[in-house]
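The chain is numbered in sequence order, starting from 1. Quick caveat, the model's predicted, so the values are computed rather than measured. All values below were derived from every heavy atom in this structure, side-chain atoms included, with hydrogens, water molecules and symmetry-related copies excluded.
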Amino acid sequence: MQYRTLGRTGVQVSTLALGAMNFGRIGRTTQDEATAMVDAALAAGINLIDTADRYSDGESEEMVGKAIAERRDDIVLATKASMPMGAERNHQGGSRRWLVTELDNSLRRLGVDHVDLYQIHRWDPNTSDEETLSALTDLQRAGKIRYFGSSTFPAYRIVQAQWAARENHLRPYVTEQPGYSILQRGIESHVLPVTEQYGLGVLVWSPLASGWLSGAIRAGRDITTSRSKFMPQRFDTTIPINRAKLDAVEQLAKVADQAGLTMIQLALGFVTAHPGVTSAIIGPRTIDHLHSQLAAADTVLSDDVLDAIDAIVAPGVDLAPDEKHDTPPALLHTALRRRPSPVGDR
């Protein structure tokens, strides 16, 4: 396992991080299975575990808490908040009211008195940066969180939040958690240049592109992955975007074979090769999935392999731009990019 410094915090973290999204109902993972995966990850040298309140409505945090009992100090523990937790309208977002309450809920579920990294799961357009950063700064001063970061923020929001912290004498975000894979390289053109400029640690999620780069999806085979069962539209190869992804996968498989690598090694080696990336978050659903991903822990891709990947999916290109989670709202809703017609203008 390799280790890198998390931004400018001085904290050393493994280049592979254990993501716990599949712990609980989402991945149909039991406590014993979750504990076995945590045991195996720690034995392999992983020291960063990432979860969120939203994952299985808190069940993931509960499972992580039980799995790390008695060894809390050996783990860099990260969780997230801001996504809706139930139907109550104020049980979401980046307000002080919610973050103070929900952090206490997360600490209770995890069975700890602090988390090392508390992340805003998605940018909340209804809450000012000053409000959110003020709450997070106070939670940090209270000792309940050591650091805080953002997740899936558009580049311009990362910049705005850094400015707001400086302008209001508040602590800034020190990490960003964006989606990144060979098939989704858009952050190379906007997010990563910004995070490098501000010295943020970067923990990338979905490095296997929701299973497309796991080796399980190939031309001529039925797609039977767990993700394809509840997100079928993203795996329907009659859709042009998905056909493009499948074509890229077939070409990437040849590159991997020629380099003597598995598709997983190729995919994880690619994202961790970028100088702006600190760690890749792997999200295994089973212990077998975990072992196949741990095999990529020391993978270093040659320049020839990286050049071959660039020739298949160009730098900065998202093969499926509609699947991005950091798209500015005005690109998704026509009303936000059109001035209303003056009264009487028909």
Heavy-atom side-chain contact between Ser181 and Leu208 under 4.5 Å
no

So how far is it from Thr35 OG1 to Met63 CE, rounded to the nearest 0.5 Å?
8.5 Å

Looking at CH2 of Trp123 and CD1 of Ile158, how far apart are the two atoms once the value is rounded to the nearest 0.5 Å?
12.5 Å

Step by step, work out the side chain to side chain donor-acceptor pair (under 3.5 Å) result for Thr5 and Gln12.
CA-CA 5 Å; Thr5 305; Gln12 297 292 299; 2.6 Å; yes

Measure the shortest side-chain to side-chain distance between Val300 and Gln2 over non-hydrogen atoms and say whether it is less than 4.5 angstrom.
yes

With sequence neighbours excluded, give me every salt bridge (Lys or Arg N to Asp or Glu O under 4.0 Å) pair touching residues 16-30.
Arg25-Asp57

Under 4.0 Å between a side-chain nitrogen and a carboxylate oxygen: does that hold for Lys245 and Glu323?
yes

Minimal heavy-atom distance between Ala40 and Ile287, with the atoms involved, is CB-CD1, 3.9 Å

Verify side chain to side chain donor-acceptor pair (under 3.5 Å) between Asp236 and Gln233, making sure each step is shown before the conclusion.
CA-CA 5 Å; Asp236 181 352; Gln233 73 282 0; over 6 Å; no

Enter the distance from Arg54:CZ to Ser106:OG here, rounded to the nearest 0.5 Å.
13.5 Å

Between Ile217 and Gly211 the two heavy atoms that sit nearest each other are CD1-O, 3.6 Å

The test is side chain to side chain donor-acceptor pair (under 3.5 Å); show your working for Ser151 and Gln119 and say whether it passes.
CA-CA 6 Å; Ser151 175; Gln119 301 155 104; 5.6 Å; no

Tyr118 versus Lys80: any side-chain heavy-atom pair under 4.5 Å?
no

Please find the pair of heavy atoms, one from Thr272 and one from Val277, that lie closest to each other, and give the distance.
CA-CG1, 4.4 Å

Within 6.0 Å of CG in Asn90, more than 12 heavy atoms from elsewhere:
yes

Audit row: Val305, Phe270, side-chain contact (heavy atoms from CB on, under 4.5 Å) steps and yes/no:
CA-CA 9 Å; Val305 170; Phe270 168 79; over 6 Å; no

Per the salt bridge (Lys or Arg N to Asp or Glu O under 4.0 Å) rule, what does the pair list look like for residues 135-149, sequence neighbours excluded?
Arg96-Asp138, Asp104-Lys144, Asp138-Arg141

Apply side-chain contact (heavy atoms from CB on, under 4.5 Å) to residues Thr237 and Ile223 and explain how you reach the verdict.
CA-CA 9 Å; Thr237 53; Ile223 300 177; 4.1 Å; yes

Same cluster for Tyr147 and Ile281 if Ile/Leu/Val/Met/Phe/Trp/Tyr side chains link at under 4.5 Å?
yes

Test item: Asn47 side-chain N/O and Ile75 main-chain N/O as donor-acceptor pair under 3.5 Å:
no

To check you understand the geometry: which heavy-atom pair defines the closest contact between Leu99 and Gly93, and what is its length?
CD2-O, 3.9 Å

Indicate whether any N or O donor in one side chain lies under 3.5 Å from an N or O acceptor in the other, for Gln140 and Thr137.
no

Linked hydrophobic residues, Tyr55 as query - side chain contacts closer than 4.5 Å:
Met21, Ile26

Answer yes if Ile187 and Val194 sit in the same cluster of Ile, Leu, Val, Met, Phe, Trp and Tyr residues linked by side chain heavy atoms under 4.5 Å apart, and no otherwise.
yes

Do Ile68 and Val38 have side-chain heavy atoms sitting under 4.5 Å apart?
yes

For the residue pair Phe23 and Leu18, what are the closest heavy atoms and their distance?
CZ-CD2, 4.3 Å

What one should report as the nearest heavy-atom pair of Leu183 and Ala248 is CD2-CB, 3.9 Å

Applying the 4.5 Å side-chain criterion to the ILVMFWY set and letting contacts propagate, would Ile46 and Val76 be lumped into a single cluster?
no

Output yes when Asp116 and Arg72 qualify as a salt bridge under the 4.0 Å nitrogen-oxygen rule, no when they do not.
yes

Atom pair CG/CH2 of Leu103 and Trp98 - distance to nearest 0.5 Å:
11.0 Å

Are there over 12 heavy-atom neighbours, none belonging to Arg89, within less than 6.0 Å of that residue's CZ?
no

Drop me the distance from Met37's CE to Arg285's CZ, to the nearest 0.5 angstrom.
9.0 Å

Please indicate whether Arg108 has more than 12 foreign heavy atoms, meaning atoms of other residues, nucleotides or ligands, lying under 6.0 Å from its CZ.
yes

Could you go through the side chain to side chain donor-acceptor pair (under 3.5 Å) check for Thr152 and Gln177 one step at a time?
CA-CA 6 Å; Thr152 322; Gln177 189 179 130; over 6 Å; no

If two hydrophobic side chains count as joined below 4.5 Å and joins carry through other members, does Leu107 share a cluster with Leu117?
no

Could you check if a side-chain atom of Arg109 sits within less than 4.5 angstrom of a side-chain atom of Asp53, using non-hydrogen atoms only?
yes

Distance-only, no hydrogens or angles: does the Ser134 side chain make a donor-acceptor pair with backbone N or O of Glu131 under 3.5 Å?
no

Here the side-chain hydrogen bond (donor to acceptor under 3.5 Å, both in side chains) pairs for residues 186-203, sequence neighbours left out, are Tyr180-Glu188, Arg185-Glu188

Could you tell me which residues satisfy ring-ring contact (aromatic ring centres under 6.0 Å, His included) with Phe235, sequence neighbours excluded, listed by chain and number?
Trp212

For the hydrophobic clusters of this structure (ILVMFWY residues joined by side-chain heavy atoms under 4.5 Å, transitively), does one cluster hold both Val204 and Ile282?
yes

Residue that, paired with Ser60, satisfies side chain to side chain donor-acceptor pair (under 3.5 Å) out of Asp50, Thr29, Thr51
Thr51

Val64 vs Leu77 side-chain heavy atoms within contact, under 4.5 Å
yes

Donor-acceptor list for residues 162-169 side chains, cut-off 3.5 Å, not counting sequence neighbours:
{"from": "Gln162", "atom 1": "NE2", "to": "Tyr173", "atom 2": "O", "distance (Å)": "3.0"}
{"from": "Asn168", "atom 1": "ND2", "to": "Ala164", "atom 2": "O", "distance (Å)": "2.8"}

Taking NZ, NE, NH1 and NH2 as the nitrogens, is one of them in Asp39 or Arg71 under 4.0 Å from a carboxylate oxygen of the other?
yes

Leu203, Leu200, Thr278 screened by side-chain contact (heavy atoms from CB on, under 4.5 Å) with Glu176, the one that passes
Leu200

Could you tell me whether the side chain of Ser14 and the main chain of Ala17 form a donor-acceptor pair under 3.5 Å?
no

Atom CG of Leu213 and atom CG of Leu268: how far apart are they, to the nearest 0.5 Å?
9.0 Å

Side-chain donor-acceptor contact under 3.5 Å, Thr79 with Glu61
yes

Does the side chain of Leu192 reach to within under 4.5 Å of the side chain of Val202, using non-hydrogen atoms?
yes

Exam field: side chain Thr132 to backbone Gly94, donor-acceptor pair closer than 3.5 Å:
yes

Gln265 side chain vs Thr262 backbone, donor-acceptor pair below 3.5 Å
yes

Residue pair Ile241 / Leu319, side-chain heavy-atom distance below 4.5 Å
no

Verify, without hydrogens or angle tests, whether Ser56 (side chain) and Gly58 (backbone) share a donor-acceptor contact under 3.5 angstrom.
no

